[in-house]
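Whatever order the structure lists them in is the order used to number ligands and atoms, beginning at 1. Quick note: numbers below take in every heavy atom, side chains included, and nothing from hydrogens, waters or symmetry partners.
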Amino acid sequence: MPHTPFVGRTRIAYFSMEIALRPEIHSYAGGLGVLAGDTVRSCAELELPVVFVTLASRAGYFRQTIDAEGRQGEQPDWWQPADWCRPLGAMTAVMIEERPVWVRPWLYLHEAPHGHAVPVLLLDTDLEQNDPADREITHSLYGDGNDYRLKQEIVLGLGGIRILRALDFEIRTYHLNEGHAALLTLELLNRSRIEPEDRIAGEPSYDVAEVRRRCVFTTHTPVEAGHDRFPYALFQRMLPDFVEIDTLKALAGAEQLNMTRLAFSLSGYVNGVARRHAETTQHLFPGYRVHAVTNGVHAGTWAHPAFAALFDAQIPQWQHEPEVLVRALQLGKDEIWRCHLAAKAELAERVQAISGTALDPDLPILGFARRMTGYKRPLLLFSDLDRLAQIAAERPFQLVLAGKAHPRDDSGKAAIQRIHQVIRQLDGKLRCVFLPDYDMALARILVSGCDVWLNTPQPPLEASGTSGMKAALNGVLNLSVLDGWWIEACVDGVNGWAIGTDGSTGTGTSDGDHAAALYALLEKTVLPLWHDDPAQWRRMMRQAIGSIAYYFNSQRMMRRYATEAYLR
Ligand SMILES: *Cc1c(COP(=O)(O)O)cnc(C)c1O
């Protein structure tokens with residue numbers, strides 16, 4: 001078998017419903033998948049003994065189109081695993097509704113620049129052996145309906161753990177990236193079963209402590225809708241007699257099977273993805289200890305080639321050891337500006353090619369690209385169009401927007417439609433474009449080519465956020481509400497700006513407060529600085545790189561997981 005070399009040394013299995021391996025592989029939707037992809041890339045660079053498990057998601061999340069009325073359209077976004085992966089001979093079956101569903105892995109090898117590779121297994125049920133309906137289980141990422149979602153999670157959790165065993169991996173630690181893979185804990189629970197003849201009367205029939213020793217759980221959202229819940233009736237229909245139902249209810253909630261609660265109950269190490277997020281999660285799940293490992297981004301992936309060349313020349317080692325980017329503080333500010341102009345020109349070119357709109361390279365570009373959903377408040381910037389137009393009349397700037405709404409998120413879709421209306425209303429006053437089909441490739445161009453990266457979530461709902469870290473790595477200044485990672489990174493007026501105050505007191509974070517603070521900052525601080533004091537702007541760009549990129553990277557993140565979560 002071609003994969004044998006790493007089978008022997010691998011001790012950790014990282015499970016994630018989505019992983020962004022490369023733009024051509026559509027097995028991701030957004031931030032969670034990009035983070036998992038950056039995790040793969042850092043593990044390869046650090047030579048950590050990790051194998052990754054995800055779904056093939058042959059039809060991707062969806063390809064976004066926007067019609068003349070600004071309505072989002074969703075098309076399947078097919079990719080061919082055979083173009084990038086090799087099929088492995090091993091197969092396993094999981095019984096779903098008392099019917100075997102066969103699962104086969106594709107192997108993708110991610111190779112670090114120095115040649116070390118880590119394996120990624122993409123699970124596929126699109127096999128001749130399966131019923132036509134079961135062949136579709138691994139087609140659409142986050143596809144429609146509870147039944148479909150639970151089947152996907154059965155394939156990921158149970159199929160994944162069994163495929164690892166079929167391939168002879170000896171896994172010591174399972175890392176659950178979000179609750180989607182939590183069913184794997186039940187397979188471990190079953191394996192830990194104490195046989196009736198060995199059981200002491202009144203003692204539990206499973207070795208829960210053993211399962212907890214082996215599981216690490218990272219939760220990613222304090223938003224209720226982000227936590228999967230299934231009716232027990234559905235679970236029992238899909239997996240009859242899989243575990244004792246009373247035991248399951250004790251672990252995963254009395255009313256519904258809550259995947260987050262299940263993962264909490266059976267993981268010995270649980271963490272949130274930023275300090276504030278860990279605190280918020282601790283309140284949601286009292287009685288468990290919640291650690292904080294703040295997210296990071298993979299520097300080598302997210303630095304624009306112009307910046308990568310500058311870092312290569314002046315701060316060698318930055319890819320393997322991004323901590324050295326602290327020395328960006330000694331880069332020439334005009335060299336930083338030269339790299340920035342290269343990134344900005346690429347963005348302008350791409351915008352022209354996609355939308356036909358010509359951006360002016362001599363004016364600042366504000367970027368906002370995120371999942372279009374309520375708590376991200378994509379419309380906050382547009383709360384007062386007259387005020388916005390007046391600010392732009394005084395000191396002109398331009399706006400570039402992008403983002404997908406989940407197909408069932410009607411308010412997210414309405415926001416996209418409203419943005420398109422607003423773009424027409426602002427015509428002639430503020431140049432503004434919306435780029436369809438936000439993905440990893442577009443993100444790369446956006447996070448490096450803008451001047452200012454805007455973020456307006458409703459605290460404390462942004463668990464971490466990572467696109468702002470990518471922006472800062474490229475000297476782009478963050479203008480963001482204090483939530484998630486930005487609470488830890490922001491030195492106001494030095495490496496970016498804080499919109500409003502830290503929401504910890506619970507006041508001053510209404511939409512109105514934040515909109516007022518945002519407009520005031522744009523009008524009095526951000527735009528005057530860009531237009532009137534280019535030297536200071538460039539100093540701030542340098543400070544952003546030097547005081548953010550050295551810490552908010554996925555190498556530091558993975559070193560922490562390795563020492564604090566995996567080596568318990
Ligand atoms: C980085 C990234 C995200 C995450 O951005 P947030 O700041 O967390 O909103 C989402 N989608 C893509 C394509 C990305 O590259």
Task: Identity and separation of the nearest protein heavy atom to atom 15 (O) of ligand 1 - done: Lys470 NZ, 2.6 Å

Task: Euclidean distance, Thr501 OG1 relative to Asp492 CG, rounded to 0.5 Å - done: 11.5 Å

- [ ] Please state which part of Val297 comes within less than 4.0 Å of ligand 1, counting heavy atoms only: side chain, backbone, both or neither.
- [x] neither

Task: Nearest non-hydrogen protein atom, atom 7 (O) of ligand 1 - done: Ser467 OG, 2.5 Å

TODO: Pick one of side chain, backbone, both or neither for how Arg371 approaches ligand 1, counting any non-hydrogen atom pair under 4.0 Å.
DONE: neither

- [ ] Using the six-membered ring of Tyr551, assess whether NZ or CZ of Arg556 lies under 6.0 Å from its centre and within 45 degrees of the ring axis.
- [x] yes

- [ ] Go through His180 and Tyr142 one step at a time and tell me if the ring-ring contact (aromatic ring centres under 6.0 Å, His included) criterion holds.
- [x] CA-CA 10 Å; His180 308 124; Tyr142 305 128; 5.5 Å; yes

Open item on the list: Under 4.0 Å from a heavy atom of Met440: which atoms of ligand 1 are those, numbered in the order shown and with their elements?
Closed with: 13 (C)

- [ ] Measure Lys376 to ligand 1 on non-hydrogen atoms and call it side chain, backbone, both or neither using the 4.0 Å cut-off.
- [x] side chain

Task: ligand 1-proximal atoms of Trp302, by part, heavy-atom distance under 4.0 Å - done: side chain

Task: Arg327 atom CZ, neighbour heavy-atom count above 12 within 6.0 Å - done: no

Open item on the list: Under 4.0 Å, heavy-atom basis, I'd like to know which part of Val34 is in contact with ligand 1: side chain, backbone, both or neither.
Closed with: side chain

